[in-house]
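Let me begin by presenting the structure, written as structure tokens, before commenting on it.
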Amino acid sequence: MNAFIGWLNRHVVPIAAKIGSIRWLVALRDAFIAIMPAMMAGAVSTVLNVLIRDIPTQFKWMGIVDSMQWLIGINAMVWTGTLAILGLLFAFTFGYQLAVQYQVEPVTGGIVVLGAFIMSLPQNFTVALSSALGKGATKLITDAGGVVDGKNISMWGYFNFGKFFGSYGFFTVMIMGGIAMTLYIWLMKKNVTIKMPEAVPPAIAKAFTGIIPATAALYLAGVINYLISLNKTTVIEFIATLIQEPLLNMSQGFWAVLLMTLLVQIFWFFGLHGTNVLGPVLDSIWLTAQIANMNAFMKGEALPFVWTRNAFDLYAWIGGAGSTLLLIAILLFSKRDDQRTVAKLSIAPGCFNVNEPVMFGLPIVLDLIYFIPFILAPVVMVSIAYGAHILGWVSPVKNQIVWSMPPFVNSLIATMDWRAPILQAVNMVIGFLIYVPFVKAANKLDPELTVDEPVMKKEKRVKETGKLEGDAV
């Protein structure tokens with residue numbers, strides 16, 4: 001075990017540390033965090049419509065639905081300005097945060113990515129008819145600026161709001177925005193800018209500073225879009241077909257879910273915030289799937305994805321990387337006063353998924369006794385939850401929740417399914433049972449041992465001297 005931990009410490013931890021410090025990934029993580037208020041506002045509108053529209057409709061309580069039409073309409077407006085346009089919001093926050101990381105003008109950076117994203121969208125709509133139009137109807141449509149091609153009618157100047165403005169655009173933002181921002185940042189760092197006199201107000205000077213880099217970046221995005229349009233497609237459709245859809249489909253596989261759970265636990269064991277280090281991957285893939293589920297649920301459509309971002313929190317990382325389960329086991333079975341004291345202080349934060357007190361106070365970090373259950377419990381729990389989802393025993397996540405929401409409440413709100421808290425409870429019991437033998441094993445360890453001193457050596461020293469000197473606490 002020591003050799004394995006040493007190998008991980010030498011080869012895995014340095015890589016994880018470097019990943020966590022890459023400015024592009026930090027910007028990506030912070031950009032997703034920045035749109036959280038809009039996601040939560042949209043989630044509130046979704047939950048309210050479930051309570052006042054969907055549930056009453058299911059039980060034929062149409063009087064409630066009719067009397068609450070005003071609130072249903074307001075919720076629809078809130079959804080339109082939040083979840084439905086997350087792609088647009090993310091475009092600005094990604095450009096802004098990336099500029100912050102490289103210490104260049106951030107507002108212009110947000111505008112550059114937003115502009116590059118808008119260029120990448122189809123700017124027309126097509127409607128397929130059941131039969132061809134007559135000459136009179138065809139002339140009427142063509143005079144209005146439309147194009148009639150057999151049974152299809154298309155018109156320029158419209159964005160497919162429901163399809164492209166939401167999470168469908170995340171990968172396009174990351175790729176096209178990243179390309180445009182690379183040029184913008186490079187030109188800003190090379191001082192290829194318009195320099196204004198010192199007397200000019202700072203707000204105006206900053207705007208003029210970004211004119212040349214932003215123009216070049218937006219033209220670069222325009223050239224890429226034009227070249228791809230020659231193949232009768234758009235950038236967002238090209239990226240979705242080539243990259244986004246394959247990645248999302250792959251993310252729904254068991255091994256992808258298991259690997260992500262395992263990596264987060266390993267990083268946490270070495271003191272690295274696993275969910276932060278891998279946050280860009282979690283959010284880029286599984287949050288995209290979750291937002292697609294949320295939008296489908298709001299429209300009354302079938303949910304397209306089984307496993308989403310919040311599913312990890314609900315079923316694998318209960319209490320934050322599984323630490324709350326360990327606290328309960330310690331309080332019930334531990335005979336060590338040091339661990340019981342830490343557990344008592346950490347149980348309240350653990351109920352709200354804050355696990356740092358136990359990770360670094362117990363500590364779990366680099367503790368070989370707890371390495372196996374810390375890795376094994378979430379792996380087993382996520383496997384059970386994944387199987388329950390695949391078998392249709394529990395509904396997938398269809399609503400956004402705050403990460404600090406307590407267990408049982410979070411699963412009920414996220415899935416709107418009474419079976420989800422039961423699955424959580426089952427996972428908690430199983431995780432608890434995995435931890436118990438190791439808590440009992442920890443009872444046999446001397447808490448006053450120095451880091452490298454074995455028990456038998458210390459016992460011999462105590463017998464010879466009759467006291468402990470210089471012991472680590």
Review point. Phe165 and Phe159: ring-ring contact (aromatic ring centres under 6.0 Å, His included), yes or no, with the steps?
Key: CA-CA 9 Å; Phe165 280 11; Phe159 292 112; 5.8 Å; yes

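- Considering all non-hydrogen atoms of both residues, Leu248 and Ile285 come closest at CD2-O, 3.2 Å.
- The shortest distance between side-chain heavy atoms of Leu121 and Ile118 falls below 4.5 Å.
- Across all non-hydrogen atoms, the minimal contact from Gly169 to Ile236 is CA-CD1, 3.9 Å.
- Using a distance-only test at 3.5 Å, with no hydrogens or angles considered, no donor-acceptor pair links the side chain of Gln97 to the main chain of Leu28.
- Checked by atom type and distance alone, the side chain of Gln424 pairs as donor or acceptor with a backbone atom of Phe408 at under 3.5 Å.
- Contact annotation: the side chain of Thr93 never approaches that of Val113 to less than 4.5 Å [non-hydrogen atoms, C-beta and beyond].
- Phe297 CZ to Asn399 CG: the interatomic distance, rounded to the nearest 0.5 Å, is 7.5 Å.
- For the pair Asn293 (side chain) and Leu303 (backbone), a donor-acceptor distance under 3.5 Å is absent.
- The minimum heavy-atom distance between Ala292 and Phe305, with the atom names listed, is CB-CE1, 3.8 Å.
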Exercise for review: Take Asn225 and Thr234, measure what side chain to side chain contact (heavy atoms under 4.5 Å, CB included) needs, and give me the verdict at the end.
Suggested key: CA-CA 7 Å; Asn225 276 276; Thr234 60; 5.9 Å; no

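- In this structure a side-chain-to-backbone donor-acceptor pair under 3.5 Å is present from Lys189 to Tyr102.
- Separating the CZ atom in Phe94 from the CE atom in Met181 is a distance of 8.0 Å, to the nearest 0.5 Å.
- In terms of heavy atoms, Asp417 sits closest to Ser395 at OD2-N, 2.9 Å.
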Exercise for review: Could you go through the side chain to side chain contact (heavy atoms under 4.5 Å, CB included) check for Val382 and Trp307 one step at a time?
Suggested key: CA-CA 10 Å; Val382 82; Trp307 197 265; 3.5 Å; yes

Practice item. Let me see the working for Tyr96 and Asp30 under side chain to side chain contact (heavy atoms under 4.5 Å, CB included), right down to the final yes or no. Key: CA-CA 10 Å; Tyr96 186 95; Asp30 292 345; over 6 Å; no

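- Residues Met381 and Tyr315 are not in side-chain contact: their nearest non-hydrogen atoms beyond the backbone lie 4.5 Å or more apart.
- Annotation: Phe90 is not in aromatic contact with Phe117 [ring centroid separation under 6.0 Å not met].
- Val264 is not listed as a side-chain neighbour of Phe312, based on a closest heavy-atom distance of 4.5 Å or more.
- A side-chain contact (heavy atoms from CB on, under 4.5 Å) with Met39 holds for exactly one of Val44, Leu287, Thr82, Leu89; it is Leu287.
- Note: Phe171 CZ to Glu245 CD = 10.5 Å, rounded to the nearest 0.5 Å.
- With hydrogens and angles disregarded, no donor-acceptor distance shorter than 3.5 Å links the side chain of Thr241 to the backbone of Phe238.
- Sparse packing is recorded around CE of Met77, with 12 or fewer heavy atoms of other residues, nucleotides or ligands lying under 6.0 Å away.
- Closest heavy-atom contact between Ser284 and Met174: OG-SD, 3.4 Å.
- For the atom pair Asn75 CG and Leu51 CG, the distance stands at 9.5 Å (nearest 0.5 Å).
- Looking only at side-chain heavy atoms (C-beta outward), Met294 and Thr308 stay at 4.5 Å or farther from each other.
- Expressed to the nearest 0.5 Å, how far CG of Leu412 lies from CH2 of Trp418 amounts to 11.5 Å.
- In this structure, Gln265 contributes its side chain and Phe374 its backbone to a donor-acceptor pair below 3.5 Å.
- Remark: Asp283 engages Arg309 in a salt bridge, criterion side-chain N to carboxylate O under 4.0 Å.
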Exercise for review: Evaluate the criterion side chain to side chain contact (heavy atoms under 4.5 Å, CB included) for residue pair Met40 and Gln400; output intermediate values, then yes/no.
Suggested key: CA-CA 6 Å; Met40 293 309 304; Gln400 179 71 29; 3.5 Å; yes

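- Interatomic distance, Phe32 CZ to Ile35 CD1, rounded to the nearest 0.5 Å: 6.0 Å.
- A donor-acceptor distance shorter than 3.5 angstrom exists from the side chain of Lys398 to the backbone of Thr415, with no hydrogens or angles considered.
- Here the closest non-hydrogen pair linking Ile434 and Ala377 is CD1-CA, 3.8 Å.
- Within the 4.5 Å cutoff, side-chain heavy atoms of Ile224 are placed close to those of Ile179.
- No donor-acceptor contact under 3.5 angstrom links the side chains of Trp24 and Gln101, judged on distance only.
- Between Tyr386 and Phe254, the ring-plane angle classifies as tilted under the 30° and 60° cut-offs.
- Looking at heavy atoms from C-beta onward, Asn310 lies in side-chain contact with Asp313 at the 4.5 angstrom threshold.
- Judged purely by atom type and a 3.5 angstrom limit, Thr46 uses its side chain to pair as donor or acceptor with the backbone of Gly42.
- Trp255 has its side chain out of reach of Met260: every pair of non-hydrogen atoms, C-beta onward, lies at least 4.5 Å apart.
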